[in-house]
Each structure stands twice: as structure tokens, then as C-alpha cells.
K.L.:
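My structure is below; once you've seen it, I'll send some questions.
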Amino acid sequence: MEEPVQNVVHATFQPKHATFLGYLNGFILSVVFTVWAYIATIRHALSRHTLIATLLTLAFAQFLVQLFFFLHIGHETKPRWKLLLLFMMIVFVLILVIGSIWIMYSLNYRMTPQQMNTYLLKQDGGI
């Protein structure tokens with residue numbers, strides 16, 4: 001006995017394709033946020049806490065630019081994969097940032113200025 005054929009309606013979704021102008025806007029915003037953070041850090045125009053807050057805000061803005069202009073979050077056909085990609089990106093960034101801070105703290109704790117000078121002189125062949 002044959003089973004009845006069910007009518008299946010397939011909805012077609014046309015993803016919004018990235019344009020050159022979209023990539024250019026994302027690139028320009030990324031460069032602006034990066035230069036702004038660099039200048040704010042180099043000029044010492046802000047107090048320490050204000051500078052940290054500014055850098056964190058600029059980093060978050062950079063994160064959003066990367067998500068929307070380059071990863072196209074919000075324009076996908078399968079949001080589950082993009083969400084997984086987002087979580088993996090957050091994990092990798094946290095590993096990179098926390099690991100870098102841990103290494104710098106460890107090096108700062110373990111090496112005195114005299115030890116660093118001795119090491120640098122040995123590298124130059126001075127000793």
C-alpha cells in the first residue's frame with residue numbers, strides 16, 4: 001500500500017550578499033577605532049580609569065563591527081552555525097587576552113630590571 005504524498009512548501013530565502021561598500025565601511029570603522037585607541041593610549045590625555053573604560057568601549061565597538069560587517073551576523077540562513085562561530089570567537093579572544101595578561105604578569109614578577117639588562121647584554125654579545 002502506498003503512502004499519500006504530502007505537499008511540502010519550500011520557502012526560499014535569499015541571503016543579503018555582502019557588497020564592496022559594506023566591506024569598505026567595516027574596514028574604515030575598524031581603522032578609525034584602532035587609531036582612536038592608539039592615540040588615546042599614546043597621548044595620556046585621559047586618566048587611567050577613563051582610558052580603560054574608553055579602550056573597553058572601543059574594543060566592544062570593534063567587536064560589533066567585525067560581527068556585522070565581516071561575519072554578517074543577522075543575514076544568515078542558518079543562525080545556529082553563526083552563533084556557534086560567535087561563541088568560539090569569544091572563547092579564542094578570551095584565551096588570547098587572558099593568556100597574554102598572564103604571561104606579561106609572570107614575566108614582570110619573575111624578572112628584575114637587573115636580570116633584564118644582563119639578559120639583553122648576553123644577547124648582544126656584550127658579556
Side-chain angles (χ1 to χ4, degrees):
M1 180 172 197
E2 290 184 35
E3 293 183 24
V5 177
Q6 295 180 2
N7 292 333
V8 179
V9 177
H10 294 284
T12 58
F13 175 76
Q14 298 294 333
K16 184 178 177 182
H17 293 289
T19 62
F20 177 74
L21 187 60
Y23 283 121
L24 184 64
N25 287 338
F27 176 73
I28 290 171
L29 282 172
S30 294
V31 169
V32 166
F33 291 146
T34 302
V35 169
W36 191 0
Y38 177 75
I39 290 173
T41 305
I42 294 301
R43 297 276 171 114
H44 300 290
L46 305 171
S47 69
R48 180 178 176 172
H49 296 295
T50 307
L51 179 64
I52 290 172
T54 303
L55 292 179
L56 288 175
T57 303
L58 289 171
F60 185 71
Q62 183 82 262
F63 175 72
L64 292 177
V65 166
Q66 299 295 324
L67 284 179
F68 292 112
F69 285 97
F70 299 114
L71 292 177
H72 309 292
I73 296 294
H75 301 290
E76 64 275 358
T77 56
K78 298 196 179 221
R80 194 174 311 143
W81 289 109
K82 293 287 184 163
L83 188 62
L84 179 65
L85 179 67
L86 173 66
F87 286 138
M88 290 303 296
M89 185 178 73
I90 290 170
V91 167
F92 288 145
V93 167
L94 285 176
I95 289 172
L96 192 89
V97 169
I98 292 170
S100 297
I101 291 171
W102 180 26
I103 289 170
M104 288 186 289
Y105 175 76
S106 178
L107 286 176
N108 187 38
Y109 177 75
R110 295 174 190 265
M111 290 191 84
T112 63
Q114 183 182 4
Q115 289 173 322
M116 286 191 292
N117 288 335
T118 304
Y119 175 77
L120 290 173
L121 285 174
K122 284 182 182 177
Q123 294 299 316
D124 288 339
I127 293 180

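Start at 1 with the first residue, then count along the sequence. What you see is a predicted model; the values in this text were computed from it and never measured.
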K.L.:
Distance check, rounded to the nearest 0.5 Å: Leu67 atom CG versus Ile90 atom CD1?
P.N.:
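It is 7.5 Å, given to the nearest 0.5 Å.
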K.L.:
Taking the side chain from Ser106 and the backbone from Trp102, do they hold a donor-acceptor pair closer than 3.5 Å?
P.N.:
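The answer is no, because no donor-acceptor pair under 3.5 Å joins these two groups.
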K.L.:
I need the minimum non-hydrogen distance between Leu96 and Ser100, along with the two atoms involved.
P.N.:
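In terms of heavy atoms, the two residues are closest at O-OG, 2.8 Å.
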K.L.:
Roughly how far, to the nearest 0.5 Å, is the NE2 atom of His49 from the OG1 atom of Thr54?
P.N.:
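These two atoms lie 12.5 Å from each other.
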K.L.:
Could you give the distance from CD1 (Ile98) to CD1 (Ile103), rounded to the nearest 0.5 Å?
P.N.:
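The CD1 atom of Ile98 sits 12.0 Å away from the CD1 atom of Ile103.
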K.L.:
Rounded to the nearest 0.5 Å, how far does OH of Tyr38 lie from CG of Leu55?
P.N.:
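With rounding to 0.5 Å, CG (Leu55) is 13.0 Å from OH (Tyr38).
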K.L.:
Tell me every residue that passes side-chain hydrogen bond (donor to acceptor under 3.5 Å, both in side chains) with Thr50, counting only those two or more places apart in sequence or in another chain.
P.N.:
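For Thr50, the residues satisfying side-chain hydrogen bond (donor to acceptor under 3.5 Å, both in side chains) (neighbours in sequence not counted) are Ser47.
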K.L.:
For residues Leu29 and Leu21: do they belong to one hydrophobic cluster (side chain heavy atoms under 4.5 Å, members Ile, Leu, Val, Met, Phe, Trp, Tyr)?
P.N.:
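Different hydrophobic clusters.
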K.L.:
Can you give me the closest heavy-atom contact between Leu51 and Ala40, atom names plus distance?
P.N.:
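Heavy-atom minimum between the residues: CD1-O, 3.5 Å.
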K.L.:
Let me confirm one number: the CZ-CZ distance from Phe63 to Phe68, rounded to the nearest 0.5 Å.
P.N.:
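Here the interatomic distance stands at 9.0 Å.
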K.L.:
Under 6.0 Å from the CZ atom of Phe70, do we count more than 12 heavy atoms belonging to anything else shown?
P.N.:
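Check passes, neighbour count above 12.
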K.L.:
Can Leu58 be reached from Phe69 by stepping across I, L, V, M, F, W or Y side chains whose heavy atoms are under 4.5 Å apart?
P.N.:
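Yes.
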K.L.:
To the nearest 0.5 angstrom, please state how far the CZ atom of Phe20 sits from the CG atom of Asn25.
P.N.:
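Going from the CZ atom of Phe20 to the CG atom of Asn25 covers 10.0 Å.
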K.L.:
When clusters are formed by joining ILVMFWY residues with side-chain heavy atoms under 4.5 Å apart, either directly or through shared neighbours, do Met89 and Phe60 land in the same one?
P.N.:
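Met89 and Phe60: one cluster.
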